[in-house]
Amino acid sequence: MKNTIAIYGAYGHTGKFIVAELYKLGYPLILSGRDYEKLTLLHQYYPETILKAADIHDSESLDTAFSKAKIVINCAGPFLDTADPIIQSALRLGIHYIDLTAEQKSVLDIFEQFSDSAKLAEILVIPAAAFYGGLGDLLSTAITQDWDHIDEINLYIGLDSWHPTKGTRLTGDRNHYTRLTLKNDQLQDLQPATPFKWNFKNPIGIKEVVALPLSEIITISRHLKVSTINTYLSQNSLDDLRNTATPEPKPTDHKNRSSQHFCLEVTATKENIKRTIIAQGQDIYAVTAPLVVETVNRILSGKAKKTGVTTIGEVFDTADFLKSLKEDDITISTIEESKLN
């Protein structure tokens with residue numbers, strides 16, 4: 001059972017992408033979640049996996065499910081509800097924890113509640129190792145790693161469409177907390193702001209964007225010395241998300257990715273210097289899988305810089321991490337530097 005990985009919420013939309021990637025690499029897998037019937041259906045495609053039904057309200061079932069694993073990946077949102085009990089189980093078992101949360105409050109709670117205990121247990125607890133939270137953290141860290149301080153980081157997220165999963169909608173209904181941004185070195189409530197247009201790379205093009213901070217505000221601000229962070233999301237994708245008639249994503253290729261395309265542009269400024277890096281790809285749910293898989297690979301190969309609660313931007317060599325990603329999953333531009341007028 002060496003290097004066995006447990007995936008909780010394995011039969012969820014994003015969980016399936018992660019299971020497929022880890023299975024292809026030959027990792028022994030424990031597929032877990034509340035619904036044993038759904039686990040059984042998934043098992044047909046991955047016959048060499050172990051099935052362990054578990055409920056977040058039953059700590060004994062969680063411990064039993066994860067007891068043979070070295071890492072548990074929590075793919076089951078809302079993470080405001082699932083992160084705490086699964087991390088508690090990881091602490092009891094002495095195993096590492098990864099999740100995919102875009103919820104700011106969840107990340108804040110994890111840092112506040114588990115920093116000391118995770119460090120004492122010498123395990124890694126890594127929230128938000130996903131498109132939202134993780135990718136922006138990697139990009140921001142990569143372009144500022146030689147700076148002792150950063151004046152401002154701006155993240156621009158352009159989607160040509162957003163067909164939300166059931167889990168995304170459940171999380172949106174559950175997450176009623178005020179969104180936070182970082183301004184003048186402090187987390188502050190997001191204030192109303194006027195939308196503006198941003199020119200993304202093709203095929204996204206020019207889109208109106210609106211301020212919408214997600215978990216990357218928390219992950220980045222936990223370890224980079226930055227005064228201000230803003231996140232902007234294309235208005236068209238937000239309209240899709242808010243429209244209850246928008247259907248769930250449908251597979252369109254051999255990786256079961258939807259036809260959705262994304263562009264994440266990150267700019268960082270220090271005094272009169274501006275740096276820019278851009279990530280592009282297909283399907284924000286599917287692209288979470290290579291980020292999580294690379295996180296798993298680096299944990300198991302001993303490449304983590306520390307233990308305790310951390311982020312993928314803090315705990316790994318970000319330039320090397322980004323370089324390791326396949327272009328079919330994410331295309332990363334070279335860093336551009338310019339002087340401000």
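There is a path of hydrophobic side-chain contacts, each under 4.5 Å, that joins L108 to F111. Cluster annotation: L29 and Y46 are assigned to the same hydrophobic cluster (Ile/Leu/Val/Met/Phe/Trp/Tyr, side-chain heavy-atom contacts under 4.5 Å, transitive). L80 and L212 are members of different hydrophobic clusters when ILVMFWY side chains are connected at heavy-atom separations under 4.5 Å. L25 and V296 fall within a single hydrophobic cluster, where Ile, Leu, Val, Met, Phe, Trp and Tyr are joined by side-chain heavy atoms under 4.5 Å apart, directly or via other members. Y156 and V266 are members of different hydrophobic clusters when ILVMFWY side chains are connected at heavy-atom separations under 4.5 Å.
A donor-acceptor contact shorter than 3.5 Å is absent between the side chain of Q280 and the backbone of L264. Put simply, the side chain of Q188 gets close to the backbone of K183: a donor and an acceptor are under 3.5 Å apart. In terms of modelled atom types and a separation under 3.5 Å, the side chain of Q282 and the main chain of D329 share no donor-acceptor contact. A donor-acceptor contact shorter than 3.5 Å is absent between the side chain of T307 and the backbone of L124. Distance alone, capped at 3.5 Å, is enough to place a donor-acceptor pair between the T219 side chain and the G133 backbone. Judged by distance alone, the side chain of N236 and the main-chain N or O of D160 form a donor-acceptor pair under 3.5 Å. Side chain of Q260 to backbone of S161: a donor-acceptor contact under 3.5 angstrom is found.
The pair E265-K201 does not count as a salt bridge, with every side-chain nitrogen at least 4.0 angstrom from each carboxylate oxygen. A salt bridge between K255 and D328 is present, with a side-chain N of the basic residue lying under 4.0 Å from a carboxylate O of the acidic one. Under the 4.0 Å criterion applied to side-chain N and carboxylate O atoms, D109 and K105 are assigned as salt-bridge partners. Residues K303 and D317 are not paired through a salt bridge, judged by the lack of any N-O separation under 4.0 Å between the basic side chain and the carboxylate. Using a cut-off of 4.0 Å between Lys/Arg side-chain N and Asp/Glu carboxylate O, R179 and D189 are scored as not salt-bridged.
If you check the side chains of N74 and Y97, you find a donor sitting under 3.5 Å from an acceptor. Judged by distance alone, the side chains of D151 and T269 never bring a donor and an acceptor atom under 3.5 Å apart. Defined by atom type and a distance below 3.5 Å, a donor-acceptor pair is present between the side-chain atoms of E216 and T231. Using a 3.5 Å distance cut-off with no hydrogens or angles, the side chains of N297 and S301 do not pair a donor with an acceptor. In the model, E327 has no side-chain atom that pairs as donor or acceptor with a side-chain atom of T331 under 3.5 Å. Between D55 and S61, the side chains place no donor N or O within less than 3.5 Å of an acceptor N or O (distance only, hydrogens not considered). In this structure, a donor-acceptor pair under 3.5 Å is absent between the side chains of H261 and D283. Side-chain N/O atoms of S237 and S234 include a donor and acceptor closer than 3.5 Å.
To the nearest 0.5 Å, atoms NE2 (H43) and CD (E48) are separated by 9.0 Å. Distance CG/D63 to OG/S89: 4.0 Å, rounded to 0.5 Å. Taking CD1 of I7 as the reference point, atom CG of L39 lies at 10.5 Å (rounded to 0.5 Å). The line from CG of D99 to CD1 of I126 is 10.0 Å long, rounded to the nearest 0.5 Å. Annotation: the span from F200 atom CZ to L159 atom CG amounts to 8.0 Å, rounded to 0.5 Å.
More than 12 heavy atoms of other residues, nucleotides or ligands sit less than 6.0 Å from atom OH of Y177. Under a cut-off of 6.0 angstrom, the local environment of NZ in K339 is sparse, with at most 12 non-hydrogen atoms contributed by other residues, nucleotides or ligands. Enclosure of atom CZ in R34 is not indicated, since only 12 or fewer non-hydrogen atoms of other residues, nucleotides or ligands lie within 6.0 angstrom. Within 6.0 Å of NZ in K326 there are 12 or fewer heavy atoms belonging to other residues, nucleotides or ligands. Other residues, nucleotides and ligands contribute more than 12 heavy atoms inside 6.0 Å of the CG atom of D253.
With ring centers used as reference points, W162 lies 6.0 Å or more from F131. Checked against the 6.0 Å centroid criterion, the rings of F196 and Y232 qualify as a close aromatic pair.
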